[in-house]
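Have a look at the structure below before the remarks.
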Amino acid sequence: MPNFTHKRKSVSRLMAPVALAVALAGCSTPNLYNQQQVPLTDITAVAAQSSAAYLSKANTSDGAERINWEIMAVKAMILENKWQQADQWIAKLSQQSMNPTQIAEWQLARAMVREHQGQPQAALNSLNFQPSWQLTKSQYQRYYTLRANLLEQLNHPFQAARERTKLDYYLDQSQKAANWQQVWHDLSGYTNAQLGSVKLTDNDSVLKGWVELAMLKNSATLPPMQLKQALEQWLHRHPYHPANQYLPADLKALIDMKAVKLDNIALLLPLSGRFAAQGKAVRDGFINSMMDDKSRDTNNELNIYDTEAQSMPDIMAKLQHNGTQFVVGPLRKNIITEFQQDNTTHINMLALNMPSQISNNKPNACYFALSPEQEAQQAAERIYAQGHRNPAILVPSNGFGQRVAQAFNQQWLQLDNQPALIVNFGNQAQIPQQIKRAFSTGAGSHADAIYMVASRNEVMMLKPFIEASMPPSGDPAQIYASSRSNPDKHNGNRELRGIEVSDIPLLINPQPGYMERFNQLWPNQGNTSIRLHAFGMDAYLIAKKLPEMRANSHYSVQGETGDLSVNNQCVVQREIDWGKFSSHGITPLTATHMPTAPISDTSSAADNINLINGESSAQ
């Protein structure tokens, strides 16, 4: 069988603290057994007295009874953390003639000592119960538990899972769930290719079932609804497998998943006031995606509410009166907070922004945002993946710049365990001195990658000063830029050439003819409006796919703003695209974007919706 190894963050312990374990190399197992009847002393029990008390009893005994008291003394020494003394007595006991029950306790004790000494392999080697031995349930329980724990320490989780499968036979009913949960955890780190190469025997039928379930769970290419059906069929074919009673949480989430029905959905957006342009762009994108959905029931109802024209209590009353099942929005952070406070009927929501704090007490809430912090984190990942180890991040001298720099730096610390250089820039007059001070000496002079969170004009101003300030020798630092540097289609400026830029797939790698059609329906739109339109399109896509995305963390859908998935807090994660500024505009560096659906003429449709007191309805 392949020797699979991988790092584990922690080793779960099912063995109770009082469960003792000891090991000795198999070659040193005594070769003579005392076959006389074991006295009444129960050496499989937990040591309830001190080691001194047990040794005192041993001094007044002889034969098998003396060995029993010495074994109990060793178990007490381990509980008393007298490891060296325990090791010495284990060596003395190795010279004695012992019966199988005594040898088993001796092996378990020695294994624990070797484990404490930082020798897990030696501890494992010493645990070799013989098939002919007739031992107690407690001894077998401690034996398989300790072997599994040691294998996990040695980064052999598959072999540990096999030991835990054997352990199940000796566990009480109350202990079985935790054991099977650990088996599932041990198998979850393997790929299907690794699991498929494992050689299993006829005695591994239960383990084989868990392997099949793990491979099923790893089938991320299958939509979760198909995974659910396959899982239900597997459980039906194997009614006596432990998974029917102890189904892991992630598989149970698949079983409990229900297809979403958007029979009555509401959009909560700012359609008047300061943020009206942003709200209308999101609205048009949402309606565009909805109208292109060929599987949509034409009787589904969409209600649109202007969050700037009505109070949240009034909107909430209408949502409840209309029997709204799902809300997309609000867009503004403070309005999201108001909605959550007033949402006493627990209407499911996909908020279109990230509030200051996410409450774990709101399981009906998910969050989707065009987050510059997420974009900065992915920039750190890309820079690291391309081999750079001394990055600098340039951000404006304001609160926004600080948040983005912090997000980049936190991600970089996870990747390289060293902080990135943060350079703040101010107005046009301050930039030359700030750049010279940052890059002519010190850490900045060694920067091999520079990530700029700046407008296009700022990038064009910063780049020459950076190049002039860097040391003349060595390879020039690769420059990366955020989507802020890509405000419109006029991106062929000579100063931008060679810079790698991150942005949504719809702007980096659109399908041929898509933007021409878009510009016919929504002419003279800048890239900010296009991003918001794509944001609305993806909001509809996520609303449809949300149950599947939540049920399977490995499942993602390709949207217009990126490859979309959700984390355990139901925050949508976006994997953006990368391109490079060239004389012909932006040349794509990634090709993850799937074909875009045809655009419907939702501009006129949205404009013809009658807004009455901030509410509209489209059917």
Side-chain angles (χ1 to χ4, degrees), residues 11-24 29-30 33-117 120 123-124 126-129 133-150 163-164 167-176 178-179:
V11 177
S12 299
R13 298 286 182 172
L14 295 181
M15 185 172 58
V18 295
L20 299 175
V22 197
L24 184 74
T29 299
Y33 299 151
N34 182 353
Q35 299 298 329
Q36 72 181 36
Q37 184 178 358
V38 180
L40 296 178
T41 305
D42 182 8
I43 62 172
T44 68
V46 177
Q49 301 180 37
S50 68
S51 57
Y54 286 123
L55 288 177
S56 177
K57 293 180 181 180
N59 289 334
T60 60
S61 305
D62 54 24
E65 183 70 356
R66 180 186 182 93
I67 293 173
N68 282 347
W69 292 126
E70 290 174 345
I71 289 173
M72 293 303 294
V74 170
K75 295 171 73 170
M77 291 170 193
I78 291 174
L79 290 176
E80 295 164 356
N81 291 319
K82 298 177 179 178
W83 299 99
Q84 184 175 1
Q85 188 178 0
D87 198 18
Q88 292 171 352
W89 275 98
I90 286 168
K92 293 179 181 179
L93 284 166
S94 68
Q95 307 302 316
Q96 303 297 318
S97 175
M98 293 186 285
N99 61 43
T101 300
Q102 293 170 330
I103 296 174
E105 289 298 324
W106 172 57
Q107 285 190 11
L108 289 166
R110 179 153 175 103
M112 179 164 274
V113 171
R114 289 292 172 262
E115 180 186 26
H116 176 77
Q117 294 171 340
L124 183 66
S126 70
L127 288 169
N128 52 357
F129 284 11
W133 294 356
Q134 299 296 317
L135 304 177
T136 67
K137 176 181 176 181
S138 166
Q139 289 176 306
Y140 284 119
Q141 183 182 122
R142 287 178 285 147
Y143 175 75
Y144 288 116
T145 297
L146 184 52
R147 284 184 60 85
N149 288 340
L150 292 168
E163 297 298 317
R164 293 193 183 279
L167 170 64
D168 176 75
Y169 180 78
Y170 302 100
L171 293 177
D172 296 333
Q173 198 66 34
S174 62
Q175 300 171 305
K176 290 178 178 290
N179 185 55

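The minimum heavy-atom distance between Ala104 and Leu135, with the atom names listed, is CB-CD1, 3.8 Å. Nearest approach of Leu127 to Tyr143, heavy atoms of both residues: O-OH, 3.4 Å. The two residues Thr101 and Gln139 have their closest heavy-atom pair at O-NE2, 3.1 Å. Shortest non-hydrogen contact noted between Ile78 and Ala86 is CG1-CB, 4.2 Å. Between Ala58 and Arg66, the shortest heavy-atom contact is O-NH1, 2.9 Å. Closest non-hydrogen pair, Leu93 versus Met98, comes out as O-CE, 3.6 Å.
Interatomic distance, Ser61 OG to Ile67 CD1, rounded to the nearest 0.5 Å: 11.0 Å. Between atom OG of residue Ser94 and atom CD1 of residue Ile103 there is a gap of 11.5 Å, rounded to the nearest 0.5 Å. Residue Gln88 holds its CD atom at 8.5 Å from CE of Met77, rounded to the nearest 0.5 Å. Atom OG1 of Thr136 and atom CD1 of Ile43 lie 9.0 Å apart (nearest 0.5 Å).
Here the side chain of Lys75 pairs a donor or acceptor atom with the backbone of Ala45 at under 3.5 angstrom.
Checked by atom type, the side-chain pair Glu163/Asn149 shows no donor-acceptor distance below 3.5 Å. Counted by atom type alone, Glu105 and Thr44 present zero donor-acceptor pairs between their side chains at under 3.5 Å. In this model, no donor atom of one side chain and acceptor atom of the other lie less than 3.5 Å apart for Trp106 and Gln102. Remark: the Ser51 side chain and the Glu80 side chain contain an N/O donor-acceptor pair separated by less than 3.5 Å.
Between Phe129 and Trp133, the ring planes are tilted. Angles from 30° to 60° get that label.
The pair Asp172-Lys137 counts as a salt bridge, with a side-chain nitrogen and a carboxylate oxygen less than 4.0 angstrom apart.
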| field | CA sep, side-chain torsions, deciding dist, call: Asp87, Arg114, side chain to side chain contact (heavy atoms under 4.5 Å, CB included) | value | CA-CA 9 Å; Asp87 198 18; Arg114 289 292 172 262; 3.3 Å; yes
| field | Derivation and outcome, side chain to side chain contact (heavy atoms under 4.5 Å, CB included), residues Glu70 and Ile90 | value | CA-CA 9 Å; Glu70 290 174 345; Ile90 286 168; over 6 Å; no
| Under the side chain to side chain contact (heavy atoms under 4.5 Å, CB included) criterion, do Tyr170 and Thr145 qualify, and how do the steps go? | CA-CA 10 Å; Tyr170 302 100; Thr145 297; over 6 Å; no
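Residues that satisfy the side-chain contact (heavy atoms from CB on, under 4.5 Å) test with Gln49, not counting sequence neighbours, are Ala53, Tyr54, Lys57. When the side-chain contact (heavy atoms from CB on, under 4.5 Å) test is applied to Ser56, no partner is found at least two apart in sequence or on another chain. Among residues two or more places apart in sequence or in another chain, the side-chain contact (heavy atoms from CB on, under 4.5 Å) test is passed with Asp168 by Lys176, Asn179, Trp180.
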